[in-house]
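Notes for the one structure printed next.
Atoms within a ligand are numbered from 1 in the order they appear, just like the ligands themselves. Quick caveat: nothing in here was measured; it's all calculated off a predicted structure.
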Amino acid sequence: MDNNSKKRIAILGGGPSGLFMYKRLVESGKNDFDVEIFERKAQLGSGMPYSTEGANNEHITNVSGNEVPDIVTPMSEWIHHAPEELLKRFNIDPNKFNDYKVFPRLLFGEYLAAQFDMLCKTASKAGINTQIHFQTIVADIKYDLKSNTVEVETTDGQIKEFDFAIICTGHNWPKSHEGKIPGYYDAPYPPQKLIQRLNHAVAVKGSSLTAIDAVRTMARHNGSFEFDENGGLHFKVLPESSEFKIMMHSRSGMLPAVRFHLEDSHLSNDSLLTKEEIDEHRKNNNGFLSLDFIFEKNFKEIFRERDSKFYEQIRDLSIEEFVDEMMELRERLDPFQLLRAEYVQAEKSIKRQESIYWKEMLGVLSFAMNHPAKYLSAEDMQRLQKVLKPLISIVIAYVPQKSCEELLALHQAGVLDLIPVGDDSSVEPQTEGGILYHFTDESDKKQSVYYKTFIDCIGQPHLQYNDFPFKSLVNQKAISPARLKFKSNEAGHTAFMQNKDTVQKDEAGEYFMNVSGIAINDNFQVIDQYGAFNKNLYIMAVPYIGGLNPDYSGLDFCEAASLQIVQDLLQD
Ligand SMILES: Cc1cc2nc3c(=O)[nH]c(=O)nc-3n(C[C@H](O)[C@H](O)[C@H](O)COP(=O)(O)OP(=O)(O)OC[C@H]3O[C@@H](n4cnc5c(N)ncnc54)[C@H](O)[C@@H]3O)c2cc1C
């Protein structure tokens with residue numbers, strides 16, 4: 001960058017991450033930079049989940065207005081200026097808009113687009129030049145080591161040079177069999193493809209929010225929901241879909257937990273470990289962050305004052321014992337019975353605005369743990385993934401009330417059921433169409449069930465280093481695969497002998513476990529194959545950084561990561 005000129009900043013992808021990145025720049029109080037935004041679509045802000053790429057009218061957020069991080073105007077204010085057509089479409093009376101309720105994702109997408117517009121106006125007033133390239137796809141990115149600049153190449157053949165670029169290209173759902181095997185869907189998105197009359201059983205892999213999206217769409221096109229005189233919801237299947245049934249397949253046959261009132265709407269807590277405390281702990285622990293330490297300080301300790309009864313209950317439990325205890329109840333009860341009980345409990349929590357505190361704190365723990373997760377040992381990352389993550393993903397799914405009501409109505413109508421499957425289950429696509437679902441049933445018998453329609457609903461997969469879309473960066477060795485060091489050489493050696501594909505030994509004889517995606521530092525800067533971070537290139541695209549940030553997603557992530565990046569990027 002020449003000393004007299006402004007910094008040239010590129011935001012690659014204009015979804016929610018790009019929106020928060022832009023907001024941070026616009027509100028930085030500085031204007032010594034120009035911004036260019038590259039967006040594949042014709043609209044900014046809505047990204048994948050809040051546009052027709054990820055939602056139909058029936059799909060809702062799992063956050064309420066008060067839980068959306070600040071952008072420009074709150075949802076409750078914007079709704080009064082929302083286009084008439086939108087309000088009509090979603091049957092919303094702005095004067096009755098409830099900031100504590102979830103809302104349609106497509107409506108939210110329009111809100112995000114409007115926020116982008118407002119930010120552009122603010123930027124212009126502040127003397128920040130913004131150039132937006134709509135319907136422009138970034139095809140490749142190169143790094144010029146000599147000039148420390150980033151080259152952005154678009155599919156229309158243009159190449160532009162920037163001092164800084166932030167990769168915000170977001171979700172990516174790779175296709176394996178969809179389009180080749182009739183009736184096989186790699187993901188339920190875009191959901192329009194599930195608008196089908198189905199007179200047979202459908203297999204859904206997974207039972208979390210992605211699966212619930214698929215269930216809500218298919219149910220609407222094969223029957224209808226009706227309220228009885230007491231306000232109870234019922235489902236009536238269409239005569240021509242009399243054989244329609246949805247079989248969800250989930251690990252241990254569990255459903256995710258229901259959304260409740262959050263005491264702190266932004267997943268934080270004053271007692272969380274500070275960066276300095278984490279650094280101090282790492283100094284005394286060979287650079288590693290201990291999972292037990294985080295669990296102790298960012299979870300258990302919080303209850304000492306707040307809920308001494310719960311604290312006594314968990315004080316002496318290890319992570320493994322805590323998870324066992326919390327899962328035990330879920331395993332024991334019928335999942336739909338538990339869903340009903342949790343629904344009642346969550347309704348009370350929302351009505352009284354009282355949190356279900358341990359669940360809220362588990363969400364806080366999960367969020368707070370992500371940023372420093374790159375300092376976990378390989379052993380602790382395995383424990384996190386195998387032990388704690390299954391509980392966290394069930395508890396922090398925050399299934400909205402409306403979705404629960406529909407799941408219960410479908411189950412009651414005999415249209416929705418859950419099949420517990422274990423790690424040995426597999427899905428075998430059939431060339432003539434459909435799949436065979438192989439699993440071991442509850443009486444230990446091997447089963448292979450044919451389904452004409454199959455939808456993979458496990459959610460956004462963590463993508464691998466080899467999936468990284470901007471190949472010049474790979475070829476230049478400007479990025480590197482994410483990996484974590486084993487704390488114990490002995491454990492590393494054992495893992496290495498078992499699986500040389502995922503465990504590596506370096507020249508110094510130390511062992512590393514490959515985790516998914518690419519390596520980044522604390523400022524979300526990419527790390528090259530020689531271990532140096534790139535001062536000019538940042539990444540917020542969650543699918544490619546999932547190995548070191550195991551549970552990052554959502555608007556809270558967009559808010560937190562963009563702050564970290566802008567503080568680094570705009571420092572003098
Ligand atoms: C179905 C679904 C529902 C969700 N619901 C919620 C919710 O209710 N609450 C919540 O907090 N979180 C939710 N999330 C989490 C969600 O991940 C984030 O809220 C958010 O979408 C992440 O934004 P993003 O900009 O990183 O990615 P995306 O939303 O994927 O946006 C990426 C943008 O980049 C553009 N782009 C991609 N590639 C290129 C390219 N090569 N060139 C140019 N442009 C490109 C895309 O067109 C898109 O606009 C949901 C996620 C999913 C998948």
Residues lining ligand 1 [heavy-atom distance under 4.0 Å, listed by chain and residue number]: Gly13, Gly14, Gly15, Pro16, Ser17, Phe38, Glu39, Arg40, Lys41, Gly47, Met48, Pro49, Tyr50, Thr61, Asn62, Val63, Arg105, Thr136, Ile137, Val138, Cys168, Thr169, Gly170, His171, Trp173, Tyr189, Asp213, Gly554, Leu555

Ion pair Lys160/Glu153, N-O distance below 4.0 Å: no

Other residues, nucleotides and ligands only: do more than 12 of their heavy atoms fall within 6.0 Å of CZ on Phe90? yes

For Arg330, does the CZ atom sit with more than 12 other heavy atoms under 6.0 Å from it, leaving out its own atoms? yes

Once you measure the plane-to-plane angle for Phe116 and Tyr22, does it fall in the parallel (<30°), tilted (30-60°) or perpendicular (>60°) bin? parallel

What do you reckon, is NZ of Lys535 surrounded by more than 12 foreign heavy atoms closer than 6.0 Å? no

Do Leu418 and His411 come within less than 4.5 Å of each other through their side chains, counting heavy atoms only? no

